[in-house]
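Notes for the one structure printed next.
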Amino acid sequence: MTRIATHSDKAAFSTLFDHYAPLIRAYSLAREPGANLVADELAQEVLIRVWLKAGSYNAQLSNINTWIFTLARNCRIDYFRRNGRYISDIDPTEIFNNIEDDDPGPFQQVHQDRLAKNIKSGLSKLPREQAEILTKVYLEGKSHQQTSTELKLPLGTVKSRVRLALRKLQVLILR
Amino acid sequence: METLKNHPKDELLAAYAAGSLPLSQALCISVHLEHCTECTQNLHQLHQLGSELMLSLQPAKPSPKLKDKLFDQIDQILINAATTEKVTLPTNEANHSLPRCLHQFIKTGYEDISWKRLSSDIYSYELCRDQNNAKVELLRIKPGGTSGTHTHMGDEYTVILEGSFSDESGFYQQGDFLVKNSLDKHTPVATIDKDCICLAVTEAPIQLTGFFGRMLNPLIRRSYA
């Protein structure tokens, strides 16, 4: 990442492409199965942003996977809005883009790596119905309402399954 | 930063992190996040969850052309950067007391808005509509003023921008985030020291429940349509 930022290193960027382009495409296809062109466009858009923003990326504050996830999420929201599939007067860039450059607080690599490890092992042990809801919400980008309709579950059940999953994965600071 | 007591629920913050929340609700949460370090930290961890979920997907290889296309675009960027001087855009020195996500609607400050009078105590200003015709508006309650007892036909999301108010269930200050649904009947009263300004998202018009309030309902519905 540093090589991309300071030397505009194309070889480093090429390696990054090989790793992330297939994942970003998979993320796009999770929402729109079969839409390969959309997936290509999203991957391109996200990776261009990575190239342009490489200088502002701070590894101390945010791990690269997380950073790329937030970029992919933002680009996907933009894409759907631009293409009229999400009717709204609200400009999402001012809601989410600020955050991608934000200082996420006193985060340390160690803490992040530990959390990532916990999440990874937690995900493999998550009850199927909770994992299914996380997939809907995070990967397919479905609202709670849409999830409830698609899975024929009461809205309250959808919400409580998200809550249970988060608790089991210990993602949140309890208050 | 004071510690806030009223936060979005976990599943709502997760939907925000996932990008699957209606933008109107995301707007309210975004304001809350500017005031709440705890939720900001949680958000960051929810992003980490998102990235782990993304990494768990079966990778979908792109065609070899995509890489060429991307590198062409990067070459173009490099050429442009070399040939054009850096233009520094005039930074929009918007009023810094306004949350950043509201700059798209309000350029200067709450004073310069053409508020619409709803009652002697309340003024409103509609910012926009979201999907499902959810109404996004600012509400301004005069010091000590009340909006009258009401219930909601749909969910109402509120975040306090300035001032504070209280109702039957608590006291709310700048940055506090609350959701009321059709079962909640409440009577918000602004504190007497200053105006209370809120950002509110309503999916359906509120229902006034008092005798006079009920007579006003048709008028409110008309203003909503």
Side-chain angles (χ1 to χ4, degrees), chain A residues 8 10 14 17 21-23 25-27 29-30 39-40 43-44 47-48 51-52 62-63 65-66 68-70 72-74 76-77 86-92 94-96 98 104-105 107 112 115-116 119-120 123 134-135 137-139 141-144 159 162-163 166 169 171-173 175, chain B residues 7 9-24 26-27 29-30 33 37-38 40-63 65-67 69-71 73-74 77-78 100-105 127-131 136:
Chain A
S8 298
K10 287 192 195 168
S14 177
F17 177 96
L23 288 170
R25 291 186 82 257
Y27 174 70
L29 290 167
D40 280 351
Q44 191 177 350
L47 291 168
I48 282 290
W51 176 269
L52 292 172
S62 155
N63 115 356
N65 292 329
T66 308
I68 289 184
F69 166 74
T70 56
R73 175 203 62 189
N74 296 354
R76 191 162 81 173
I77 296 172
Y86 190 105
I87 311 294
S88 175
D89 295 335
I90 302 168
D91 182 358
E94 300 206 39
I95 301 179
F96 293 104
N98 288 323
F107 262 89
Q112 292 199 14
L115 183 65
I119 292 174
K120 206 170 293 174
L123 279 175
L134 287 186
T135 302
V137 171
Y138 265 97
L139 301 174
K142 301 275 162 64
S143 67
H144 293 150
K159 292 181 181 180
V162 175
R163 269 201 304 273
L166 296 177
L169 296 170
V171 183
L172 300 173
I173 308 154
R175 46 189 165 218
Chain B
H7 307 273
K9 286 207 169 129
D10 298 347
E11 67 273 17
L12 209 59
L13 196 62
Y16 177 88
S20 58
L21 199 64
L23 291 178
S24 48
L27 201 63
I29 290 192
S30 181
L33 286 166
T37 39
E38 210 173 75
T40 305
Q41 191 164 342
N42 274 338
L43 177 71
H44 192 70
Q45 304 190 172
L46 287 164
H47 286 156
Q48 263 192 283
L49 170 59
S51 80
E52 290 304 326
L53 286 165
M54 187 170 88
L55 293 173
S56 73
L57 286 169
Q58 183 68 40
K61 270 204 156 184
S63 70
K65 276 192 206 139
L66 186 66
K67 199 177 198 170
K69 221 168 128 190
L70 190 69
F71 274 98
Q73 203 180 341
I74 284 172
I77 291 169
L78 289 173
R100 282 183 300 191
C101 60
L102 293 183
H103 291 180
Q104 58 181 304
F105 303 110
L127 299 176
C128 66
R129 294 293 171 120
D130 192 20
Q131 57 181 4
V136 183

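Just so it is clear: chains get the letters A, B, ... in the order the sequence lines come, proteins before strands, and each one is counted from 1.
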Report the C-alpha distance between A:D40 and B:K69 in whole Å, list the side-chain angles of each, state the deciding distance to 0.1 Å, and finish with yes or no for side chain to side chain contact (heavy atoms under 4.5 Å, CB included).
CA-CA 10 Å; A:D40 280 351; B:K69 221 168 128 190; 6.0 Å; no
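- Neither the backbone nor the side chain of A:T135 comes within less than 4.5 Å of any heavy atom in chain B.
- Of the two parts of A:Y27, the backbone and the side chain both hold a non-hydrogen atom closer than 4.5 Å to a non-hydrogen atom of chain B.
- Once rounded to the nearest 0.5 Å, the distance linking CD of A:Q44 with CD of B:Q73 reads 4.5 Å.
- Using a 4.5 Å cut-off between heavy atoms, A:L23 touches chain B through backbone and side chain atoms alike.
- Looking at A:I48, the atoms closer than 4.5 Å to chain B (heavy atoms on both sides) sit in the backbone and in the side chain alike.
- When heavy atoms are compared at a cutoff of 4.5 Å, A:A43 approaches chain B solely by way of its side chain, counted from C-beta outward.
- Put simply, the side chain of A:Y138 reaches to within 4.5 Å of the side chain of B:L46, judged on heavy atoms.
- Between chain A and the residues B:A60, B:A26, B:G19, the largest count of heavy-atom pairs under 4.5 Å involves B:A60.
- Contact annotation for B:Q104: both backbone and side-chain heavy atoms come within less than 4.5 Å of a heavy atom of chain A.
- Interface remark: A:K142 contributes backbone atoms only to the contact with chain B (heavy atom separation under 4.5 Å).
- With rounding to the nearest 0.5 Å, the separation of CG in A:N65 from NE2 in B:H47 is 14.0 Å.
- Side-chain contact between B:E52 and A:V171 is absent, with no heavy atoms from C-beta onward closer than 4.5 Å.
- Annotation for B:Y16 and A:R73: closest pair O-NH1, 3.8 Å, computed over non-hydrogen atoms.
- Note: A:L172 CG to B:E38 CD = 10.0 Å, rounded to the nearest 0.5 Å.
- The backbone N or O of B:P59 lies less than 3.5 Å from no partner atom in the side chain of A:R25, so there is not a single donor-acceptor pair.
- Remark: A:L166 CG to B:K9 NZ distance equals 13.5 Å, nearest 0.5 Å.
- The candidate from A:D91, A:V162, A:L29, A:L52 with the greatest count of non-hydrogen atom pairs under 4.5 Å with chain B is A:D91.
- Heavy-atom distances place both the backbone and the side chain of A:I90 under 4.5 Å from chain B.
- Per-residue heavy-atom pair counts under 4.5 Å with chain A were compared for B:L27, B:I74, B:I29, B:L12, and the maximum is reached by B:I74.
- If you measure heavy-atom distances from B:I77 to chain A, the contacts under 4.5 Å come from the side chain alone.
- Side-chain atoms of A:I119 and B:L53, non-hydrogen and from C-beta on, never get closer than 4.5 Å to each other.
- In terms of heavy-atom pairs under 4.5 Å with chain B, the best-connected choice from A:A116, A:A30, A:S143, A:G141 is A:A116.
- Here the CG-NE2 distance, from B:L21 to A:H144, works out to 7.5 Å after rounding to the nearest 0.5 Å.
- The candidate with the highest count of non-hydrogen atom pairs below 4.5 Å against chain A, out of B:G50, B:A15, B:S63, is B:G50.
- What you find for B:Q58 and A:A26 is that their closest heavy atoms are O-CB, 3.4 Å.
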